[in-house]
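I have placed the structure first, in the form of structure tokens, so that the comments after it can refer back to it.
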There are 2 protein chains.
Amino acid sequence: MKSFIEEARHKQIVAAAISVLAREGYASASLSRIAKEAGISKSIITYHFSGKDEMFEAVYRSVESSASSYIAPLMETEEGPSGMIATYIRNQIGYMKEHRDELLAIGQLAMSHGRQEGPDYMATSAQEEARLLADLMAEGQRRGIFRDFDRRVMAAAISKAIESALTEWAYRPETDLDAYGDELIALFLRGMERREDGSS
Amino acid sequence: MKSFIEEARHKQIVAAAISVLAREGYASASLSRIAKEAGISKSIITYHFSGKDEMFEAVYRSVESSASSYIAPLMETEEGPSGMIATYIRNQIGYMKEHRDELLAIGQLAMSHGRQEGPDYMATSAQEEARLLADLMAEGQRRGIFRDFDRRVMAAAISKAIESALTEWAYRPETDLDAYGDELIALFLRGMERREDGSS
DNA sequence: CTATTTTCAGTCCGATCGGACTGATAATAG
DNA sequence: CTATTATCAGTCCGATCGGACTGAAAATAG
């Protein structure tokens with residue numbers, strides 16, 4: 001089926017949820033609040049979604065697919081591990097510039113599961129990201145471009161560093177995101193590369 | 001006054017709150033749940049604290065003072081910016097090893113304020129940490145040991161990287177924290193240092 | 001036109017929360 | 001001994017939540 005209406009409502013509700021999550025945080029993102037944000041009756045949400053969990057999953061998947069479809073094509077043009085990692089960081093921040101609320105929203109969703117891991121779909125997508133970075137690093141190490149470091153640690157550091165750009169930017173809107181990304185690229189490329197003197 | 005009983009109760013309640021926050025997250029950290037964790041009546045909490053906010057502030061300040069009293073003395077012995085930053089990272093992780101739940105707990109408290117910054121005491125202590133790192137970096141740059149980078153970005157990256165050690169460790173208990181810390185130190189010292197060839 | 005889908009405002013339920021309060025009791029201090 | 005302080009289990013309140021439900025109206029489809 002997938003009527004136009006159904007799809008439009010889904011998008012509308014997801015968009016309203018993203019706004020509320022990003023602006024007021026997870027605790028305020030109740031069904032009533034989201035319905036109010038969308039200008040619709042609360043019943044409509046439960047009519048189109050089986051419940052709150054399913055709706056938040058739709059939010060997560062929506063942002064995930066949006067981000068990956070933005071980033072994936074831009075990665076194709078690069079070849080070396082260094083360039084690809086730099087491109088990865090640059091693209092993540094590029095996406096961030098145009099989709100601030102989406103990223104803040106899924107950040108709220110990710111944090112809302114205080115200890116005790118959240119739903120599967122979150123864990124798997126986080127693993128995919130770590131995997132992608134780790135593979136690029138392994139290739140760089142194999143080629144002798146990168147020194148020997150722990151790829152898990154490095155991948156986590158990169159992910160968190162990109163995250164820090166978002167929180168800094170949300171906190172200080174005057175932050176120059178492109179410059180922030182360039183700083184991170186310089187930091188990590190220098191931190192990963194093998195030195196000329198051949199040691200380590 | 002500060003009777004023995006009052007102080008002991010405060011500590012007991014704070015400890016129980018830390019356990020619940022670290023193990024079950026902010027959402028589960030209700031007064032009833034914390035009282036149950038401590039094996040006391042819920043009324044005792046409202047008897048010794050004016051309310052939930054004051055109690056969580058006590059939790060935050062408790063961990064903050066514990067951490068700074070652990071770390072500060074160990075910083076005195078170092079002299080150069082590189083060594084001090086390395087020591088800073090090492091000490092943060094050293095404290096982490098013995099106070100996992102405390103750090104997870106204040107992490108929950110920090111995250112609980114979805115957008116819209118939390119209480120003052122949190123913001124100021126975060127600023128102090130960033131300030132300390134930024135000052136060390138400025139000194140390193142002045143001495144020509146470090147290259148020219150954005151100290152705000154670098155300080156945020158370091159803080160987040162240390163945080164990543166905690167989340168990784170909480171997620172995978174088999175993580176070798178000392179090795180993790182050494183990896184971070186290698187990463188950031190290489191990322192910050194001025195290269196021998198004199199460029200940039 | 002008729003049948004179906006969608007929207008709406010609103011109610012009701014059970015649960016949980018922070019917090020104020022009770023009254024009895026236990027512990028401690030002067 | 002007498003006051004004071006501390007503890008307890010429990011109640012009550014107002015508020016909010018997710019969610020199920022209602023009945024009627026509106027929109028859409030066949």
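So that the names make sense, note that chain A is the first sequence line, chain B the second, and so on, each numbered from 1. Keep in mind that this is a model prediction, so the values were computed, not measured.
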Kindly list each side-chain donor-acceptor pair under 3.5 angstrom involving residues 91-98 of chain A, sequence neighbours excluded, with atom names and distances?
unit_1, atom_1, unit_2, atom_2, d
A:N91, ND2, A:T87, O, 3.4
A:Q92, NE2, A:Y88, OH, 2.8
A:Y95, OH, A:S66, OG, 2.7
A:K97, NZ, A:D178, OD1, 3.4
A:K97, NZ, A:D178, OD2, 2.9

Protein and nucleotides 24-26 of chain C: nitrogen or oxygen contacts under 3.5 angstrom:
none

Suppose we screen for ring pair (Phe, Tyr, Trp, His ring centres under 6.0 Å). Which residues come up paired with [X], at least two apart in sequence or across chains?
X      : answer
A:F146 : none
A:Y180 : none
A:Y121 : A:Y60
B:F49  : B:H10

Residues pairing under salt bridge (charged side-chain N to carboxylate O under 4.0 Å, His left out) where one sits in residues 60-73 of chain A, two or more places apart or in two chains, turn out to be A:E57-A:R61

Mark up nucleotides 8-22 of chain C, 5' to 3', with B wherever a protein heavy atom is under 4.0 angstrom from a base atom, S wherever such an atom reaches only the sugar-phosphate, and - elsewhere. SBB------SBB-B-

Please say which of A:V59, A:I18, A:V63 ends up in a side-chain contact (heavy atoms from CB on, under 4.5 Å) with A:L109. A:V59

Pairs flagged by ring-ring contact (aromatic ring centres under 6.0 Å, His included) wherever residues 26-45 of chain A is involved - sequence neighbours left out: A:Y26-A:F56

Rounded off to whole Å, could you give me the CD1-to-C1' distance for the A:I13 and C:dT6 pair? 12 Å

Over how many whole Å does the gap from B:F49 atom CZ to D:dA6 atom P extend? 13 Å

